[in-house]
Amino acid sequence: MKPYVICHMLGSVDGRIKQDIWGFKDHHKYFEEPASKIKADAWLVGRKTMQEFSSKKTFPANKGRINIPKEDFVAEQRSKTFAIVIDPTGKCYWDSNMVSTEQVIEVLTEKVTGSYLQHLRSKNVSYIFGGKEELDLKLVLKKLNKLFGIKRLRIDGGGHVNGSFLKAGLIDEFSLVLAPVADGTIGAPSVFEVEEGYGKRRATHFKLKSVKKIYGDFLWIRYLVFKGKAQL
Ligand SMILES: NC(=O)c1ccc[n+]([C@@H]2O[C@H](COP(=O)([O-])OP(=O)(O)OC[C@H]3O[C@@H](n4cnc5c(N)ncnc54)[C@H](OP(=O)(O)O)[C@@H]3O)[C@@H](O)[C@H]2O)c1
């Protein structure tokens, strides 16, 4: 079974997601408070976003080959909620297997080294394989449901990860906290980063579920992903 997937983001009116020049004192709350109101068993982010939460230490590379089978590893569960990272080649390092109250799950490809798997096992971090060289995101969602019982998953960015799930048609709902700012930085990460240039792909359409004015001039907009043919 595929979990129900809700993508949640804080974006400027021009779709930028990096808040470096927005000038908000407590920008985390504009993302976190609405996010906490979305019922979910887990949140999932891309490797770049997770490195804001994972260990800042550099781990020494192990000398020699370590042979650990490239098979899913489910650590003893201490938590019913999870923090998941899409980390295809194993770049996030961990001091513990928790981010706040959530237990970490690494989503890997078989490109990872044995010494990285040894690191994850030494910290009791669960990991699953989503493909040999490339990730099959549908398979990843199925495994998250089967191995960890995840029924509702919140995808929290960044743009690359959101774009991958959007392209694969795996997002059911989109929750956008629209900040009343225009960023304008050319090349800055945006809400959905799918591919460069215009090809055969068609844009994804949404159906409005609700809209609420919050924190003065912010809007919290919730959309259902339109799965049929859009009637405009
Ligand atoms: N405003 C908001 O609500 C919000 C929320 C979250 C993040 N952010 C911001 O967004 C920025 C980061 O966004 P980002 O788009 O640059 O990065 P990201 O999505 O956090 O991470 C991208 C990385 O994740 C891995 N990845 C993602 N999808 C993959 C796929 N389908 N297959 C293989 N690998 C995949 C790749 O890792 P490798 O490079 O290791 O292969 C890729 O480079 C940060 O500045 C962060 O603060 C903002």
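Both ligands and their constituent atoms are indexed starting at 1 by order of listing. On a predicted model such as this, the values are computed, not experimentally measured, just so you know.
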Tell me which one of K18, H160, M9 gets a heavy atom nearest to atom 28 (N) of ligand 1. H160

Please list, chain by chain and in numerical order, all residues satisfying side-chain contact (heavy atoms from CB on, under 4.5 Å) with K80, sequence neighbours excluded. none

Taking only heavy atoms of F31, which atoms of ligand 1 are found under 4.0 Å from at least one of them? 3 (O)

Please report which non-hydrogen protein atom sits nearest to atom 5 (C) of ligand 1, along with the residue it belongs to and the distance in Å to one decimal place. D156 O, 3.2 Å

Knowing that exactly one of I105, L44, L141 qualifies, which makes a side chain to side chain contact (heavy atoms under 4.5 Å, CB included) with I150? I105

Looking only at non-hydrogen atoms, the one of H27, K48, Q19 nearest atom 43 (O) of ligand 1 is K48

Is the number of heavy atoms from other residues, nucleotides or ligands within 6.0 Å of CD (E195) greater than 12? yes

Return the orientation label for the Y215 and F218 ring planes: parallel under 30°, perpendicular over 60°, tilted otherwise. perpendicular

Among all protein heavy atoms, pick the one closest to atom 18 (P) of ligand 1 and tell me residue, atom and distance. G158 N, 3.6 Å

Short N-O contact, K209 and E173, less than 4.0 angstrom: yes

A student checking ligand 1 against G46 at a 4.0 Å heavy-atom cut-off should list atoms 18 (P), 19 (O), 20 (O), 21 (O), 24 (O)

Are K138 and D136 ion-paired here, with the side-chain N under 4.0 Å from a carboxylate O? no

Does T89 reach ligand 1 with a nitrogen or oxygen that is under 3.5 Å from one of the ligand's nitrogen or oxygen atoms? no

What residue and atom, counting heavy atoms only, is the protein's closest point to atom 34 (N) of ligand 1, and at what distance? P88 CG, 3.3 Å

Is it true that K57 and D95 make a salt bridge, defined as a side-chain N closer than 4.0 Å to a carboxylate O? yes

Using 4.0 Å as the upper bound for N to carboxylate O, is an ion pair formed by K227 and D172? yes

In terms of atom number and element, which parts of ligand 1 are under 4.0 angstrom from non-hydrogen atoms of S164? 28 (N), 29 (C), 30 (C), 31 (N)

Closest by any non-hydrogen atom to atom 23 (C) of ligand 1: pick that one out of R16, R47, E32. R47

Got an N/O contact under 3.5 Å between V161 and ligand 1? yes

At what distance is the nearest protein heavy atom to atom 11 (C) of ligand 1, and which residue and atom is it? P189 CG, 4.1 Å

With nothing but distance in play, are any N or O atoms of K91 less than 3.5 Å from an N or O of ligand 1? yes

Numbered in order shown, the ligand 1 atoms found under 4.0 Å of a heavy atom of G159 are 13 (O), 15 (O)

Restricting to heavy atoms, the pick from T49, V85, I86 nearest atom 7 (C) of ligand 1 would be T49

Any donor-acceptor pair under 3.5 Å linking the side-chain atoms of E106 with those of Y116? yes

Hey, which atoms in ligand 1 end up nearer than 4.0 Å to a heavy atom of L135? 32 (N), 33 (C)

If we ignore angles and hydrogens, is there a donor and acceptor under 3.5 Å between the side chains of H27 and Q19? yes

Stacked cation flag R222 on F174, 6.0 angstrom / 45 deg: no

Taking both backbone and side-chain atoms of E52, is any N or O found less than 3.5 Å from an N or O belonging to ligand 1? yes

Between E110 and K70, does any NZ, NE, NH1 or NH2 come within less than 4.0 Å of an OD or OE carboxylate oxygen? no

Looking only at distance, does I17 have an N or O less than 3.5 Å from an N or O of ligand 1? yes

of all protein heavy atoms, closest to atom 3 (O) of ligand 1 is L10 N, 2.9 Å

